[in-house]
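Data first, discussion second: the structure below is written as structure tokens.
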There are 4 protein chains.
Amino acid sequence: MRRSDASRRAILLAAFELVGEVGYAKLTIEGIAARAGVGKQTIYRWWPSKGAVLFDAFLALSEDPQGDPALPDTGDLEADLKLVLRATVAELSDPRYDAPMRALTAAMLNDPALAAEYEQRLDAPMRALKRARLRSAQEAGQLPSEADLDLAVDLLWSPLMRRWLERAELTPAFADAVVETALAGLRAR
Amino acid sequence: MRRSDASRRAILLAAFELVGEVGYAKLTIEGIAARAGVGKQTIYRWWPSKGAVLFDAFLALSEDPQGDPALPDTGDLEADLKLVLRATVAELSDPRYDAPMRALTAAMLNDPALAAEYEQRLDAPMRALKRARLRSAQEAGQLPSEADLDLAVDLLWSPLMRRWLERAELTPAFADAVVETALAGLRAR
Amino acid sequence: MRRSDASRRAILLAAFELVGEVGYAKLTIEGIAARAGVGKQTIYRWWPSKGAVLFDAFLALSEDPQGDPALPDTGDLEADLKLVLRATVAELSDPRYDAPMRALTAAMLNDPALAAEYEQRLDAPMRALKRARLRSAQEAGQLPSEADLDLAVDLLWSPLMRRWLERAELTPAFADAVVETALAGLRAR
Amino acid sequence: MRRSDASRRAILLAAFELVGEVGYAKLTIEGIAARAGVGKQTIYRWWPSKGAVLFDAFLALSEDPQGDPALPDTGDLEADLKLVLRATVAELSDPRYDAPMRALTAAMLNDPALAAEYEQRLDAPMRALKRARLRSAQEAGQLPSEADLDLAVDLLWSPLMRRWLERAELTPAFADAVVETALAGLRAR
DNA sequence: GCTTAATCGAGACGGTACGTCGTGTCTTTTC
DNA sequence: GAAAAGACACGACGTACCGTCTCGATTAAGC
């Protein structure tokens, strides 16, 4: 018999809900199986670890509402970036995503294989979109053509990530300040 | 009898060694007790969780070789920052510190109390030193007086952290580029 | 399509071999199916339990070499019985039959339905043969006509069974002694 | 800490009760632990198998009501034996003992180590008592001095066992007949 | 000889129990 | 009189089988 899609969905949903309710440390395979109405073996058959289940749950969520994945490009780089980073701040502050995201981060920290898959399937595509927007700005003359776009992405987004990770204050105003300062630095060279 | 310092040291050492050998996920209180030649109760008596033990093990390490904690201040901000960030890159790449640091990060991710203690006892003092160096640069006219120093610290250090966290490439050259671009941005405004 | 005889044979053979290798407790339907190169459903379709498979494997073995089933009747009851009981001792001591027989006994102990089928299809016919030989002795005047033949059968065979069951010493000499003493008792009344 | 006697008793009682309720095949360590209010590990720590638990439960029962263990000796061997065998028939027919006894028998069938312990700690002492009664009869001239007492014990008791094992009819009258015929045989030689 | 329905192998499924490991608490024994 | 040693109730682990259930792919019977 081939893989049951109903079970797959139920497992991913259960994992996502449970991690929000009890946190990653108290998330158990048994709990996921019970909530999903599924045998434990069905989980072990298809995923190597609870981190992997969580990752797939994330992936499913990211792929579901398939809007246009590209970043906005109105021609005004600074305005567009502020918009995007403010949205990022909002998402990181949303309690519905905070717990699962912390869980996934913790899972990746201690599982290089999972981290590699994350990098490949979620992080890299997102970074490509970001670089694409910056390249478009270069072509429009809003950014020097010799600017290092990978460095630019890190300068713009990692401060947000740092504050989220350590539960520090994370406001839209901070996002604006990051965009202004980072862009100034990139243009100055 | 009051707290046995020999046991305390043995426990912290065992925790530090074990986390390097088996990783945080497989680190157990029983394992630490066995390796330290100590009863489990002795650990439970003095620490609330294995994350707390790990944190203390870290603290002990940080405090042991008590050199001058201040960041170098030769008068040349850019050179000083490159020196410090290159040292940070080297430390993050050292396998002796990589595993324990990842473990501690994972512990904090799922334990806000631990994260708060970390922020208070390790992170805040370090950020204070960084801000002090930047303030000194302001006084020397190397940085505008209205620059946001908290933002500056994040712009400078969080890109390194991001790359370490996701096991991306982390080189001294990247550290230099971050310093140059971030400083340019801070000066331009 | 009707029942595949090749599969049936393969299943019975696999069950018989496996029970000799791993014992009844570790005998599994999955193991039998795998060894026989057969789907599990093919076993469940035709047998209600692993005890029943084992029983059929036994039946197949008992029926294969269809010699004359009757007990020897030379006219000398004591000599004939000694011959038969010595043969029983030899069979019970043969390691090829010991393991499967213990398995079947264990299966029957906890499955009255199986026990009833055993009694009907294997035990009763055998007891009938034994009674027939004793009746022949009665007719020849070697045994009193009022002797209880069912009691006689138990007196003669159950001591062997007892010693086999508890893995006690079981020798041809013991068989002889049983025959002599039991016959003496039966004749004395 | 040393072994908890309360847990030990609770486990043996639970095992005994459960085997009577669900039978040996459906008796589980988890079930025993749950019924006894005990962790599974406490069972695994002290017993190697569920058969061993059952055996100890039996042993505890046998040793509890420590009446005079000797068989009755009124001077009349035949009467005494009939008394004892009728009592055995009654016990074998008592549903309270039937299930546990079948369970123990099944356990021993597939576990030689358990069978050896049974032989040593329960069967051998009982056989010694039986032989003692028969030896007393020899001294009283009711049995020939050259009679094989081990054979005698098997002739007397194993027919009962056989009928119990195969769920055949087992009556006091059968016990009497066995005693009469077996004794006649033993005396005749 | 062609269809067609039962049977086959394979193996996924929801479950139960396995035997092990670790948790945090508690008690005993030793130094 | 605190520390080691480790038993305890508990809960989760990851595995093995249970008995049921779909899957195509034969395969022999009856049209």
Side-chain angles (χ1 to χ4, degrees), chain A residues 1-8 10-11 25-34 36-50, chain B residues 1-8 10-11 25-34 36-50, chain C residues 1-8 10-11 25-34 36-50, chain D residues 1-8 10-11 25-34 36-50:
Chain A
M1 195 204 281
R2 286 238 287 293
R3 182 166 188 173
S4 153
D5 201 57
S7 292
R8 187 182 156 276
I11 288 164
K26 294 193 175 175
L27 180 69
T28 66
I29 299 270
E30 255 176 27
I32 297 171
V38 138
K40 279 199 290 179
Q41 200 58 47
T42 300
I43 299 183
Y44 285 109
R45 194 164 11 240
W46 302 110
W47 290 275
S49 67
K50 69 177 177 175
Chain B
M1 192 196 291
R2 286 243 284 294
R3 180 169 189 173
S4 155
D5 201 58
S7 291
R8 187 180 159 277
I11 289 164
K26 294 192 175 176
L27 180 69
T28 66
I29 301 271
E30 289 205 336
I32 296 172
V38 138
K40 280 199 295 178
Q41 198 58 260
T42 302
I43 298 182
Y44 283 109
R45 208 182 335 259
W46 303 110
W47 289 275
S49 69
K50 70 177 178 175
Chain C
M1 190 202 291
R2 284 245 284 295
R3 180 167 188 174
S4 153
D5 201 56
S7 291
R8 188 181 158 275
I11 288 164
K26 295 193 175 176
L27 181 69
T28 65
I29 300 270
E30 290 205 334
I32 297 172
V38 139
K40 282 201 292 178
Q41 199 59 260
T42 302
I43 299 183
Y44 284 108
R45 198 168 1 242
W46 302 109
W47 290 274
S49 69
K50 71 176 177 176
Chain D
M1 192 203 283
R2 285 237 288 295
R3 180 167 187 173
S4 154
D5 201 58
S7 291
R8 187 182 155 275
I11 289 164
K26 293 192 176 176
L27 179 69
T28 66
I29 298 270
E30 253 175 30
I32 297 171
V38 138
K40 278 198 291 179
Q41 199 59 47
T42 301
I43 299 182
Y44 284 110
R45 192 160 18 237
W46 303 110
W47 289 275
S49 67
K50 69 177 178 176

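Order of the sequence lines fixes the chain letters, A, B, ..., with proteins taken first and strands second; residue numbering starts at 1 for each chain.
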Check nucleotides 29-31 of chain E for protein N or O atoms closer than 3.5 Å to its own N or O atoms and list the pairs.
residue	atom	partner	partner atom	Å
E:dT29	OP1	D:R2	NH1	2.6

(message) Both B:T28 and C:R45 contact DNA chain E. Taking the nearest nucleotide for each, which residue is further toward the 5' end?
(response) C:R45
(message) Regarding E:dC21, can its base be found pairing with the side chain of D:Q41 as donor and acceptor, where the two atoms are less than 3.5 Å apart?
(response) yes
(request) Kindly indicate whether the side chain of C:K40 and the base of F:dG19 share any N or O donor-acceptor pair separated by less than 3.5 Å? (result) yes
Euclidean distance, atom [atom1] of residue [X] to atom [atom2] of [N] [Å, nearest integer]:
{"X": "A:W47", "N": "E:dA12", "atom1": "CH2", "atom2": "C1'", "value": "13 Å"}
{"X": "C:R8", "N": "E:dC8", "atom1": "CZ", "atom2": "C1'", "value": "17 Å"}
{"X": "A:I11", "N": "E:dG14", "atom1": "CD1", "atom2": "C1'", "value": "11 Å"}
{"X": "C:I32", "N": "F:dC18", "atom1": "CD1", "atom2": "C1'", "value": "13 Å"}
{"X": "D:W46", "N": "E:dG19", "atom1": "CH2", "atom2": "C1'", "value": "18 Å"}
{"X": "C:D5", "N": "E:dT7", "atom1": "CG", "atom2": "P", "value": "14 Å"}
{"X": "C:I43", "N": "E:dC8", "atom1": "CD1", "atom2": "C1'", "value": "13 Å"}

(request) Could you check which of E:dT20, F:dT20, E:dG24 has an atom nearest any side-chain atom of D:Y44? (result) E:dT20
(message) Quick check for you: among F:dA7, F:dA4, E:dG22, whose closest atom lies nearest to any side-chain atom of B:E30?
(response) E:dG22
I'd like a table of donor-acceptor pairs (distance under 3.5 Å, sequence neighbours excluded) in which one partner is a side-chain atom from residues 38-48 of chain D, with atom names and distances.
residue	atom	partner	partner atom	Å
D:K40	NZ	D:E30	OE2	2.9
D:W47	NE1	D:D56	OD2	3.0

(request) Mind checking the CG-CD1 spacing from D:L27 to D:I32? Nearest 0.5 Å is all I need. (result) 4.0 Å
(message) Base, sugar-phosphate or nothing for D:G31? Non-hydrogen atoms, less than 4.0 Å.
(response) nothing
(message) Assuming nearest nucleotide by heavy-atom distance, tell me which of D:S7 and B:G39 is located more 5' along DNA chain F.
(response) B:G39
(message) Here's a test of your reading of the structure: between B:A36 and A:I29, which maps to the more 5' nucleotide of DNA chain F?
(response) B:A36
(message) Any side-chain N or O of B:T42 below 4.0 angstrom from OP1/OP2 of F:dA2?
(response) no
